[in-house]
Amino acid sequence: MLTRRLMLGGTMAGCLMPAAIGAPSDRPLRRRAAARGMYYGSAVGSYQLRDGDFADALAREANILVPEYELKRDTLEPRPGVFDFSGADALLSFASAHDMKMRGHTLVWYAANPPWLEEAVLGARDEKIFTDFIARMMGRYRGRMHSWDVVNEAIHPEEGRADGLRDCAWLKRFGPGYIDTAYHAAKAADPGALLVYNDWGCEGGEPWNDAFRAATLKLLEGAKKRGVPIEALGLQGHLSAFKGGIDRRKLVAFLNEVRAMGYRILVTELDVDDGGGPSDVALRDRASADICARFLEPVLDNSATQAVLTWGLSDRYLRGKPIPAALWGYLPRKLPLDATLKRKPVWQAIAQAFGA
Ligand code: G3I
């Protein structure tokens with residue numbers, strides 16, 4: 001449902017016209033973030049770096065990168081003890097060459113695991129099946145990573161556990177303590193990296209989001225009590241332009257509780273699903289900018305927030321491959337730049353949020 005405000009002219013973000021190149025309001029997102037001592041960046045696949053125009057846009061806009069899939073165990077260790085660091089190394093080289101940080105995603109997850117792993121976990125003698133992996137991955141990049149999503153998406157309240165945790169192979173084999181063990185192993189492997197717990201579901205205003213936020217706070221409170229070295233919460237930030245919405249009051253209260261416990265906050269995978277709306281691209285883009293602005297304003301207003309990363313920079317690679325030109329008008333438009341690398345209202349919304 002489009003709000004009246006949106007139909008009349010949208011948010012500030014939706015009204016701002018892209019500035020002429022070089023004008024102050026043309027300042028790239030990395031510079032706007034840095035002006036507040038923060039980071040803006042994007043998820044990237046190393047294959048995308050072969051696209052010169054895209055690589056130039058990435059270097060212009062981002063001061064932090066995260067591998068979209070090349071630091072996940074299915075890519076890193078396709079067979080037991082056989083490792084492929086080529087993608088992650090290429091991304092780290094690009095980041096280093098362009099004065100960017102890099103963050104690691106992710107070491108312990110229920111998904112993106114190689115086919116051999118799940119059976120190995122369920123039959124594992126001890127936690128070394130993940131603590132050794134953590135030590136090896138983080139040890140390889142020790143001192144060079146801004147942060148790591150050590151554990152990803154461990155919460156799933158719909159499964160009905162009192163602790164709200166997901167009943168994945170890690171939990172089945174090792175119990176809830178696998179989370180604590182993972183973060184202690186991570187802290188030992190790279191004491192200088194910020195250790196992040198990363199998940200989705202805390203952003204929205206629907207009843208299921210309330211349960212998700214409650215379970216997240218329970219996890220963070222328990223970790224703090226037990227001295228588990230989780231240092232930041234990663235809010236993935238997968239938003240929807242035409243479904244659900246943001247309950248600002250609930251989001252602000254949640255973020256304040258996270259900060260009060262001493263955690264830092266990162267937006268780790270921001271994008272906007274613009275499905276379910278009108279076919280008019282301008283209206284879709286404006287609705288996407290509107291929800292972005294409504295999410296980022298309270299998040300960036302919280303002093304614990306350090307970074308915003310979008311889950312990709314351009315719509316060009318939303319299918320894992322360059323989008324054929326003929327299809328551009330009819331595919332999702334989730335990211336700050338369109339498939340031709342032109343800045344969109346979502347870019348303006350992020351710029352505005354940093355500027356605010
Ligand atoms: O492995 C190939 C590689 O050889 C090829 O060069 C490349 C380019 O075509 O594609 C690679 O394939 C796939 C890759 O996406 C790139 O599209 C991988 O097989 C596939 O597993 C991978 O899926 C990723 C998925 O997580 C699972 O890891 C998606 O890119 C990625 O967007 C998605 O991201 C997740 C976050 O990690 C966690 N939060 C939710 C988010 C969205 O689902």
Side-chain angles (χ1 to χ4, degrees), residues 41-51 54-55 58 62 64-79 82-91 94 102-118 133 137 145 147-156 158 166 168-170 179 182 196-204 209 212 216 232-240 243-244 266-275 295 307-324 327 331-337 339:
S42 170
V44 190
S46 63
Y47 70 96
Q48 297 165 1
L49 301 180
R50 297 195 289 269
D51 173 347
F54 174 82
L58 185 65
I64 191 167
L65 297 182
V66 61
E68 183 171 3
Y69 61 94
E70 289 161 301
L71 271 178
K72 293 173 183 171
R73 200 157 179 178
D74 59 351
T75 304
L76 284 171
E77 192 181 8
R79 294 189 304 284
V82 177
F83 295 95
D84 175 6
F85 299 106
S86 58
D89 288 355
L91 288 166
F94 183 87
M102 189 151 104
R103 57 185 321 267
H105 173 83
T106 179
L107 296 164
V108 180
W109 190 20
Y110 71 86
N113 289 309
W116 60 269
L117 188 68
E118 178 138 347
F133 178 74
M137 293 311 113
M145 300 294 274
S147 53
W148 276 95
D149 294 336
V150 178
V151 173
N152 189 49
E153 301 179 9
I155 287 170
H156 197 215
E158 289 84 356
R166 180 185 300 274
C168 61
W170 306 111
I179 297 172
V196 183
Y197 172 73
N198 191 53
D199 216 324
W200 51 275
C202 293
E203 299 83 358
N209 297 112
F212 213 106
T216 303
L233 172 66
L235 287 174
Q236 289 186 9
H238 293 297
L239 307 179
S240 172
K243 294 188 276 293
L266 293 80
V267 175
T268 53
E269 305 181 15
L270 179 65
D271 60 14
V272 185
D273 174 2
D274 63 338
F295 171 66
V308 174
L309 290 94
T310 47
W311 202 240
L313 178 64
S314 160
D315 299 331
R316 178 175 291 188
Y317 288 102
L318 279 181
R319 286 286 179 278
K321 300 270 192 299
I323 293 175
L327 290 176
L331 280 172
R333 294 172 60 85
K334 306 176 84 165
L335 297 169
L337 307 185

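Counting starts at 1 for both ligands and their atoms, following the listed order. Atom set for the values below is all heavy atoms of this structure, side chains included, hydrogens, waters and symmetry mates excluded.
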> Does N152 come within less than 4.0 Å of ligand 1, judged by its heavy atoms?
Replying inline: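 Distance cut 4.0 Å: N152 passes for ligand 1.
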
> With a 4.0 Å cut-off on heavy atoms, does W200 reach ligand 1?
Replying inline: no

> Taking both backbone and side-chain atoms of H105, is any N or O found less than 3.5 Å from an N or O belonging to ligand 1?
Replying inline: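 Min N/O separation from ligand 1 is below 3.5 Å for H105.
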
> Under 3.5 Å, N or O to N or O, is E153 touching ligand 1 that way?
Replying inline: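 Yes, there is a polar N/O contact under 3.5 Å.
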
>> For the backbone of S46 and the side chain of Q48, can you confirm whether one donor and one acceptor N or O come within less than 3.5 Å of each other?
In response: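 Not a single qualifying donor-acceptor pair exists.
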
Pull out every atom of ligand 1 sitting under 4.0 Å from any heavy atom of [X], numbered as shown with elements.
{"X": "A112", "result": "28 (O)"}
{"X": "Q236", "result": "39 (N), 40 (C)"}
{"X": "Y47", "result": "8 (C)"}

> Once the angle between the rings of W109 and H105 is folded into 0 to 90°, is it parallel (under 30°), tilted (30 to 60°) or perpendicular (over 60°)?
Replying inline: tilted

>> Please find the pair of heavy atoms, one from Y47 and one from Y69, that lie closest to each other, and give the distance.
In response: CD2-OH, 3.4 Å

>> Does T106 form a side chain to side chain contact (heavy atoms under 4.5 Å, CB included) with N198? I'd like the steps, not just the answer.
In response: CA-CA 9 Å; T106 179; N198 191 53; 6.0 Å; no

> Can you tell me how far CG of D315 sits from CG of L331, rounded to the nearest 0.5 angstrom?
Replying inline: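 Result: 9.0 Å between the selected atoms.
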
> How long is the span from the CG atom in L117 to the CZ atom in R73, to the nearest 0.5 Å?
Replying inline: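 Rounded to the nearest 0.5 Å, the CG-CZ separation comes out at 4.5 Å.
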
>> Considering E68, K72, H238, Q48 one by one, which has a heavy atom nearer to atom 35 (C) of ligand 1 than any of the others?
In response: K72

